[in-house]
Participant: 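Below are the structure tokens for one structure; questions will follow.
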Amino acid sequence: MKKGDHLFLVDGSAYIFRAYHALPPLTRKSDGMPVGAVAGFCNMLWKLVEESRDTSVGVAPTHFAVIMDHSSTTFRNELYDQYKANRTAPPEDLVPQFALIREAVRAFDLPCIEKQGFEADDLIATYTRLAVEAGGDVTIVSSDKDLMQLVGPGVILYDQMKDKRLGAEEVKEKFGVYPEKMIDLQALVGDSSDNVPGVPGIGPKTAAELLETFGDLETLLERAGEIKQAKRRENLISFADQARLSKKLVTLEQDMPLDVPLDDLFIHEPDGDKLIAFLKAMEFHTLTRRVAAKLGEDAGAIPAAAITVEGLARGPDLDPAAGAGARAASVTNLPVQGDAVLPLTPAMLVAARREAAAAETFDRSAYVTIRDLPTLSAWLDRAAETGILAFDTETNSLNANAADLVGLSFAVAPGEAAYLPLAHVADGAGDLLASDETKAGVGPQVPLGEALALLKPVLEHAGILKIGQNFKYDYLVMLRHGIAIAPFDDTMLISYALDASSSLEGHGMDELSERFLGHKPISYKELCGSGKSLKALAACPIDKVTEYAAEDADVTLRLWRVLKPRLAAEGMSSVYERLERPLVAVLARMEQRGIRTDRQILSRLSGRFAQRAAALESEIAEMAGEAFNPGSPKQLGDILFGKLGLPGGKKTKTGQWSTDVKVLEDLAAEGHLLPRHIVDWRQLTKLKGTYTDALPLYMDREDRIHTSFSMASTTTGRLSSSEPNIQNIPVRTEEGRAIRTAFVAPEGYKLLSADYSQIELRILAHMAEIPQLTKAFQDGIDIHAMTASEMFGVPVEGMPSDVRRRAKAINFGIIYGISSFGLANQLAIGREEAGLYIRKYFERFPGIRDYMEETKEFARRHGYVETLFGRRAHYPDIKHANASVRAAVERASINAPIQGTAADIIRRAMIRMEDALAAERLSARMLLQVHDELVFEVPDDEIEATIPVVKAVMEGAALPRVALSVPLVVDARAAGNWDEAH
DNA sequence: TACAGATCTTA
DNA sequence: GTAAGATCTGTAC
């Protein structure tokens, strides 16, 4: 080993367990021997060997070894007899595979190193030290945090599964300390899986914070008395020795005796025959083919090695003289396609697809630019052959309602993708003076009309599945060209049905690609720039756009191959097929229609708001004694609590004075006029800035506003609305409600608003099976008054409005996963009183408490909760160590099934609505959805006939899948504008 | 120019 | 106490 050399150390034991648990059980066909972990191990090792030879990715190794654990007892057990005592024995079908895996490493001609009494980590630590001392670099292939202490100059950790390299900075980012402090951090935190005790009550965040403050473990333990938090201080003092013991346990031995010297890990010439013989014996057909192709060997000519369980029991036949490594002289680049063995179960298909996706690479230079009709035609024929066409539109705008097509991209198989430019112009040709010659400067393009004529039958062909990412956009763009795409799949929605979660990332293509394909696609920014340097897509060079656009289609197709089988494997097909996919076209049409808006009303309101705000502003300045920006919480805080010396209450988490409405209202209640004015000023400027000034900017030539609904941005299944958000148009105050009068129906039409009454409480009554609530809903009784009557013993007749108000707040609180803190806030009462109310409520309705506990338990057991229709919301943080974080996640998990079931129900209503209206020959058009409300545009003379149809569809939307024990009630009203209809 | 934080709007 | 999105300010780049 010398300077410039590079040692790869594979943490073999970790590899085995990951391979075993990540993959479904697999047995050798011929004799049923379990080989799943062996298969996973070989695939990962082969991939690593292949990748590491690609010097463009990293530095090619000169030395290479696979390190294994030898046995379960090590020198650490002498330090602490409980070390790793809680480890369970490895699974029965994994045990025989250990020997096979050692055999596999030898087949790869790589040294397989282990030593009695030491862990693999100690061997890794020792080899690492020696290599660094010799001037070499080290890559440790593992993601185990126990190894992070070794990271430093020349030493990195490589997580092969995630394709992540960890240096000192990444360790710091992950754990808050640099690698040299990792030992101290682990000593404090402990490790439950290794039974390292640590200090109770100290987790990674606290440990990093303490080490930041005190420097190192010893100093911290000596000065523990200075710590403010009582519990933490006590624990650090009484468990100091336990922390010191933990430190010994987690410290890796860097100077253990070695049987194989470092220099013997040098990579030799390969012996492909031996590897192929082994792989054939294991009956890993795909990998055998892949390896043979890469090494230029004829697999058929090589006999399988004789490997049997019995043979292994006698001890493997060692051949230390054999060469090493798998270095090919000629590298062929045959993509491996298809599933080698027909998978037998959905889970196996998922695993096979995931494995295939991880192995496939991206070659942007293979993408094709389609410049003539025959080429386009050939691509569409290919789509007809495969039955699959991943498809993406490239446009000049993010707004699908206004976007013009610039080009289309297609993929028919992984790596087989093309771009069809349709409306590209030479750079600088955007202005009116551009001549035809300038436009011709980008080369020939298929005329739009001819391209669409060829595409339409394919995009509407029942035998060809179109695949998109965020397909509503592409659907809408093509709809505007007279093409209604069918059938289709949407990878964004598949991902959403599978993985909706508040803490996981979103479902955008770039994120999904990195998560599932380990590939980072070209970003729009890289292609077109951003900000000032932003260039129109149509003006970007076609060869660059080809790489970008074809890659998007390619990525979409590969994502579909990985994600689609998961639906069946995880039981989520019906959510996707009944609640997600059918809504795409419905929403696309709603967005396309838009809602008519009265520009004059908005402008009059803007004027009125401006005038009143200006008057307030001058009064505010006068009272403050100086002009300042009332819209700046910072300046306002300084004036109120600094200059004027008013009693300031709360501070925000950034240390600023809080000036939110509650603080200001409290001050106003004490008789201060300035805060009152600020509150009024804020309301006026809010209404003006967010609504009356902003809405006209979204109006089209027909005075209609087209919002964009997002189907995949909530955890619960609700939709969201943006640009503009029509789901938060004011309604509570009179001034705010005036804005709703600007949403109108055109001449000869009315707006019809239909909303579910108390849908979430009804769902709660059903799900928690509360007899009193169910009965009240069945009898049509005022539910809040009934609750108040039960709780406070007040008769419903002549009930004071304040008693009902309190009960109403509690009912809502229950849906939100009640806490005494929240209820106290809502009702402006003390925490104790709020807690009393809650206890009283649970006494009256014990079923609700049971339901809440059961929901939390379900979430803890599964990591997700479910709606009545099977939609899942994932909460991976349900067992979070921080109690307040955990409580927040618990509340969310209580709310999600209720909110989500309501969302599912209105989705079902929307999906059925158009057909139901058409069946009655009604021409009502659905325009908006606001969580529990649908807004329609209805011809004057059809209103009477439409209302019962709309109500019937909405009230029956849970059926037949779910028969609720309570009725769903819908209130519907029609008027000239949204305010009066609502 | 980009982003986080505070605030406010809805169901 | 649940679920969202928009706007404005202030600061970092």
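Just so it is clear: chains get the letters A, B, ... in the order the sequence lines come, proteins before strands, and each one is counted from 1.
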Participant: Once side chain to side chain contact (heavy atoms under 4.5 Å, CB included) is applied, do any residues pair with V744(A), and if so which ones, sequence neighbours excluded?
Facilitator: R596(A), D598(A), N977(A)
Participant: Considering only heavy atoms from C-beta outward, does the side chain of E933(A) approach that of W978(A) to under 4.5 Å?
Facilitator: yes
Participant: Under a 4.0 Å N-O cut-off, is there an ion pair linking E843(A) with K840(A)?
Facilitator: no
Participant: Determine the contact category for I894(A): base if any of its heavy atoms lies under 4.0 Å from a base atom, sugar-phosphate if only primed atoms, P, OP1 or OP2 are that close, otherwise nothing.
Facilitator: nothing
Participant: Mind calculating the distance between NZ (K856(A)) and P (dT2(C)) to the nearest angstrom?
Facilitator: 13 Å
Participant: Checking all strands, does T714(A) fall into the base, sugar-phosphate, or nothing category for heavy-atom contacts under 4.0 angstrom?
Facilitator: sugar-phosphate
Participant: Which protein N or O atoms sit under 3.5 Å from an N or O of nucleotides 10-13 of chain C?
Facilitator:
unit_1  : atom_1 : unit_2  : atom_2 : d
dG10(C) : OP1    : S632(A) : OG     : 2.3
dG10(C) : OP1    : Q635(A) : NE2    : 3.4

Participant: Scan L823(A) against the nucleic acid and name what it touches under 4.0 Å (heavy atoms): base, sugar-phosphate only, or nothing.
Facilitator: base
Participant: Across the strands shown, which category fits G817(A) at heavy-atom distances under 4.0 angstrom: base, sugar-phosphate, nothing?
Facilitator: nothing
Participant: Need one value for R732(A): base, sugar-phosphate or nothing, where a base atom within 4.0 Å counts as base even if backbone is also close, heavy atoms only.
Facilitator: base
Participant: Can you name the side chain to side chain contact (heavy atoms under 4.5 Å, CB included) partners of R886(A), sequence neighbours left out?
Facilitator: H880(A), A883(A), E890(A)
Participant: Counting the atoms with a prime plus P, OP1 and OP2 as sugar-phosphate, which does E723(A) contact under 4.0 Å by heavy atoms, base, sugar-phosphate, or nothing?
Facilitator: sugar-phosphate
Participant: If you measure only the distance, is there a donor-acceptor pair under 3.5 Å linking the side chains of S495(A) and H507(A)?
Facilitator: yes
Participant: Could you tell me whether R762(A) and E955(A) make a salt bridge, using a distance below 4.0 angstrom between a side-chain N and a carboxylate O?
Facilitator: no
Participant: Over how many whole Å does the gap from L687(A) atom CG to dT7(C) atom P extend?
Facilitator: 13 Å
Participant: NA contact type, N725(A), heavy-atom cut-off 4.0 Å: base, sugar-phosphate, or nothing?
Facilitator: sugar-phosphate
Participant: With sequence neighbours left out, what residues match A754(A) under side chain to side chain contact (heavy atoms under 4.5 Å, CB included)?
Facilitator: V950(A), M954(A), V970(A), A972(A)
Participant: Assign A903(A) to base, sugar-phosphate, or nothing according to its heavy-atom contacts below 4.0 angstrom with the strands shown.
Facilitator: nothing
Participant: At under 4.0 Å between heavy atoms, what does S710(A) touch on the DNA or RNA strands: base, sugar-phosphate, or nothing?
Facilitator: nothing
Participant: Under 4.0 Å, counting only non-hydrogen atoms across every strand here, what does T685(A) touch: a base, just sugar-phosphate, or nothing?
Facilitator: nothing
Participant: Which listed nucleotide (dA3(C), dG1(C), dA6(C)) is nearest to the side chain of N825(A)?
Facilitator: dG1(C)
Participant: Considering only heavy atoms of chain A and a distance under 4.0 Å, specify the first and last nucleotide of DNA chain B in 5' to 3' order that meet this criterion.
Facilitator: dA2(B) to dA11(B)
Participant: Are any of S713(A)'s side-chain N or O atoms less than 4.0 Å away from OP1 or OP2 of dA4(C)?
Facilitator: no
Participant: Heavy atoms under 4.0 Å, any strand shown: does A809(A) hit a base, just sugar-phosphate, or nothing?
Facilitator: base
Participant: Compile the donor-acceptor pairs under 3.5 Å between side chains in residues 804-829 of chain A and protein atoms, sequence neighbours left out, one pair per line.
Facilitator:
unit_1  : atom_1 : unit_2  : atom_2 : d
R804(A) : NE     : D782(A) : OD1    : 3.4
R804(A) : NE     : D782(A) : OD2    : 2.8
R804(A) : NH2    : D782(A) : OD1    : 3.3
R804(A) : NH2    : D782(A) : OD2    : 3.3
R805(A) : NE     : D802(A) : OD1    : 3.1
R805(A) : NH2    : D802(A) : OD1    : 3.1
R806(A) : NH1    : Y837(A) : OH     : 2.7
N811(A) : OD1    : Y841(A) : OH     : 3.3
N811(A) : ND2    : H784(A) : ND1    : 3.1
N811(A) : ND2    : T787(A) : OG1    : 3.0
S819(A) : OG     : G822(A) : N      : 3.0

Participant: Salt-bridged, E735(A) to K686(A), with N to O below 4.0 Å?
Facilitator: no
Participant: Within the 4.0 Å heavy-atom criterion, would you say Y691(A) contacts the bases, only the backbone, or no part of the nucleic acid?
Facilitator: sugar-phosphate
Participant: Whole Å only: how far is the CD atom of E890(A) from the P atom of dA3(C)?
Facilitator: 13 Å
Participant: Rounded to the Å, how far apart are F628(A) CZ and dT9(C) P?
Facilitator: 13 Å
Participant: Can you tell me the distance, in whole Å, between the CD1 atom of I678(A) and the P atom of dC8(C)?
Facilitator: 17 Å
Participant: Of all heavy-atom pairs between T715(A) and A873(A), which one has the smallest distance, and what is that distance?
Facilitator: O-CB, 3.5 Å
Participant: Would you kindly give the CG-to-P distance between N728(A) and dA6(C), to the nearest whole Å?
Facilitator: 8 Å
Participant: Taking OP1 and OP2 of dT2(C), is either one under 4.0 Å from a side-chain nitrogen or oxygen of R891(A)?
Facilitator: yes
Participant: Could you tell me how far apart Q656(A) (CD) and dT9(C) (C1') are, to the nearest whole angstrom?
Facilitator: 11 Å
Participant: Can R861(A) and E857(A) be counted as an ion pair, charged N to O under 4.0 angstrom?
Facilitator: yes
Participant: Rounding to an integer number of Å, can you tell me how far D638(A) CG sits from dT9(C) P?
Facilitator: 16 Å
Participant: Assign Q683(A) to base, sugar-phosphate, or nothing according to its heavy-atom contacts below 4.0 angstrom with the strands shown.
Facilitator: sugar-phosphate
